[in-house]
Amino acid sequence: MAANNRRMSGKKGAQVGSGGQRRKGLEGKGPTPPAEMRKGHKKNRVAGAKARQTARRPAPRGRGGKSTSELVVGRNPVYEALRDGVPASTLYVQQFIDNDERVREALQLAAERGGINLMEAPRPELDRMTNGLNHQGLVLQVPPYEYAHPQDLADAALDGGEDPLIVALDGVTDPRNLGAVVRSVSAFRGHGVVVPERRAAGMTAGAWKTSAGAAARTPVARATNLTRALEAYKKAGIVVVGLAADGDVELGELEALGGPVVIVVGSEGKGLSRLVGETCDFRVRIPMPGGAESLNAGVAAGIVLYEAARRRS
């Protein structure tokens, strides 16, 4: 009986050798992962099948074509892309990942947005997908961007009873500049942006982030040949205005900005290419009392768009 009393003692805590492990076992392990990430769950199998099917399916081509899919890698970049509304099709999460705050926040954002497949994958598979980049266990797949056709932008404006206000970029290769231009076009009620198919920035995750959500409202068109696209605009009665440091007309003097117009912005430093410059109806300069030699595409486009919006109001 004495032995039974010892076994049933009310003394709390581990008797020997646990080192506090039993107490640690009672600590919380964070929120329950979404069903799509729980191995063996039906939604996990369905999400995996959809992701594999999407990866195998060739991208359809519209009038303006599509870009290729893109991967955003790393915990902070993935979190920021989800937070900033960058389109995403699949979030890949490494198996047995250290579930820190950034991982939990990324998973929560993906679940709240909906329409994003959550896939668990072993580290070697993520290494293969990212060509060995430091993905930190999180990889976000951005679907191909569906570009409009340059004529679509003018048609949309005319269908709405408005004069087209379009920005074309010539030789701009930084996606952040493209995103900034998209944002300015949206702010000043423009009808879209045209970029060349080659040697130019496209609608990547970086461009989406810089646009601060404006890319969801403002179409971007891709032209196989920018010069021919500008000539087609001219035949449709739209004035083509190129920005150049040595332009013949000062911005404030150009009356054409009050009507249908395409504003062509070249790269910082190089400016407009020869053929594009020769295609423009006007070459306009922005007065800069401070003496700067050039402005980046985002700033230059914003200044001219403001002047065009002021004349139209």
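The analysis underlying the following values was restricted to heavy atoms, covering all of them including side chains, and did not include hydrogens, waters or symmetry mates. Please read all numbers here as calculations on a predicted model, not as lab measurements.
The line from CD of Glu146 to CE of Met203 is 13.0 Å long, rounded to the nearest 0.5 Å. Note that the NE2 atom of His149 and the CG atom of Asp155 stand 10.0 Å from one another [nearest 0.5 Å]. Rounding to the nearest 0.5 Å places OG of Ser267 at 11.0 Å from CG of Asn296. Here CG of Asn76 is found 9.5 Å from CD of Glu105. Values are rounded to the nearest 0.5 Å. A distance of 7.5 Å separates CG of Leu71 from OG1 of Thr130, quoted to the nearest 0.5 Å. Taken from NZ in Lys270 to OG1 in Thr173, the straight-line distance is 8.5 Å, to the nearest 0.5 Å.
Using a 4.5 Å heavy-atom cutoff, the side chains of Arg183 and Thr210 are not in contact. Side-chain contact between Ile97 and Gln95: absent, with no pair of heavy atoms (C-beta onward) separated by less than 4.5 Å. Counting heavy atoms from C-beta outward, Leu226 and Asp170 have side chains that approach closer than 4.5 Å. Side chains of Pro164 and Leu158 form a contact here, defined as non-hydrogen atoms less than 4.5 Å apart. Side-chain contact between Leu138 and Val93: present, with at least one pair of heavy atoms (C-beta onward) separated by less than 4.5 Å. Glu120 is not listed as a side-chain neighbour of Gln94, based on a closest heavy-atom distance of 4.5 Å or more. Side-chain atoms of Val249 and Arg285, non-hydrogen and from C-beta on, never get closer than 4.5 Å to each other. Using a 4.5 Å heavy-atom cutoff, the side chains of Tyr79 and Leu109 are in contact.
Hydrophobic clustering of Ile, Leu, Val, Met, Phe, Trp and Tyr side chains at less than 4.5 Å, counting indirect connections, unites Leu169 with Phe282. If you chain together hydrophobic residues whose side chains sit under 4.5 Å apart, Leu257 and Val299 fall into the same group. Leu275 and Val264 are members of different hydrophobic clusters when ILVMFWY side chains are connected at heavy-atom separations under 4.5 Å. Both Val304 and Met288 are part of a single hydrophobic cluster, where members link through side-chain heavy atoms under 4.5 Å apart. Val194 is not connected to Leu305 by any chain of hydrophobic side-chain contacts under 4.5 Å among Ile, Leu, Val, Met, Phe, Trp and Tyr, and they are in different clusters.
Scanning both residues, Gly192 and Val185, for their nearest heavy atoms gives N-CG1, 3.7 Å. Of all heavy-atom pairs between Pro87 and Val142, the closest is O-CG1, 3.4 Å. For Arg217 against Ser186, the heavy-atom pair with the smallest separation is NH2-OG, 3.3 Å. For the pair Leu178 and Ala201, the tightest heavy-atom approach, listed with the atom from each and the gap, is CD2-O, 3.7 Å. When all heavy atoms of Ala256 and Val261 are compared, the closest pair comes out as O-CB, 4.2 Å. Contact record, Ala221 with Tyr147: C-CD2, 4.3 Å, taken as the closest heavy-atom pair.
A donor-acceptor pair is defined here as one N or O able to donate and one able to accept, closer than 3.5 Å; such a pair exists between the side chain of His191 and the backbone of Leu165. Although no hydrogens or angles enter the test, the distance criterion places no donor-acceptor pair under 3.5 Å between the side chain of Glu250 and the main chain of Ile286. Formation of a donor-acceptor pair under 3.5 Å by the Asp84 side chain with backbone atoms of Val86 is not found in this model. Not a single donor-acceptor pair under 3.5 Å links the side chain of Thr218 to the backbone N or O of Ala215.
A salt bridge between Glu162 and Arg189 is present, with a side-chain N of the basic residue lying under 4.0 Å from a carboxylate O of the acidic one. Ion pair Asp100/Arg102 not flagged as a salt bridge, since none of the NZ, NE, NH1 or NH2 atoms sits closer than 4.0 Å to an Asp/Glu carboxylate oxygen. Contact check on Glu255 versus Arg311 returns a salt bridge, with a Lys/Arg side-chain nitrogen under 4.0 Å from an Asp/Glu carboxylate oxygen. Using a cutoff of 4.0 Å between basic side-chain nitrogens and carboxylate oxygens, Glu101 and Arg104 are not scored as salt-bridged.
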* Asked: Could you walk me through whether Leu91 and Asn117 pass the side-chain contact (heavy atoms from CB on, under 4.5 Å) check?
  -> CA-CA 6 Å; Leu91 174 59; Asn117 296 318; over 6 Å; no
* To do: Would you check, one step at a time, whether the test side-chain contact (heavy atoms from CB on, under 4.5 Å) holds for Val220 with Val182?
  => CA-CA 8 Å; Val220 175; Val182 170; 3.8 Å; yes
* To do: Could you go through the side-chain contact (heavy atoms from CB on, under 4.5 Å) check for Thr90 and Ile116 one step at a time?
  => CA-CA 5 Å; Thr90 306; Ile116 300 177; 5.6 Å; no
* For the pair His135 and Arg75, evaluate side-chain contact (heavy atoms from CB on, under 4.5 Å) and give the outcome as yes or no after the intermediate values. => CA-CA 7 Å; His135 51 74; Arg75 298 186 182 187; over 6 Å; no
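In this structure Arg283 satisfies the salt bridge (Lys or Arg N to Asp or Glu O under 4.0 Å) test together with Asp246, sequence neighbours excluded.
Each of Ile166, Asp281, Val167 was scored for a side-chain contact (heavy atoms from CB on, under 4.5 Å) with Val262, with one residue passing: Ile166. Of the residues listed (Val193, Leu153, Asp152), the one engaging Pro219 in a side-chain contact (heavy atoms from CB on, under 4.5 Å) is Leu153, and it is the only one.
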For residues 229-245, which side-chain donor-acceptor pairs fall under 3.5 Å, sequence neighbours excluded?
from, atom 1, to, atom 2, distance (Å)
Tyr233, OH, Pro150, O, 2.5
Lys234, NZ, Thr279, O, 2.8

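Around the CZ atom of Arg312, the shell of radius 6.0 Å holds more than 12 heavy atoms that belong to other residues, nucleotides or ligands. The environment of CZ in Arg228 is sparse: at most 12 heavy-atom neighbours from other residues, nucleotides or ligands sit within 6.0 Å.
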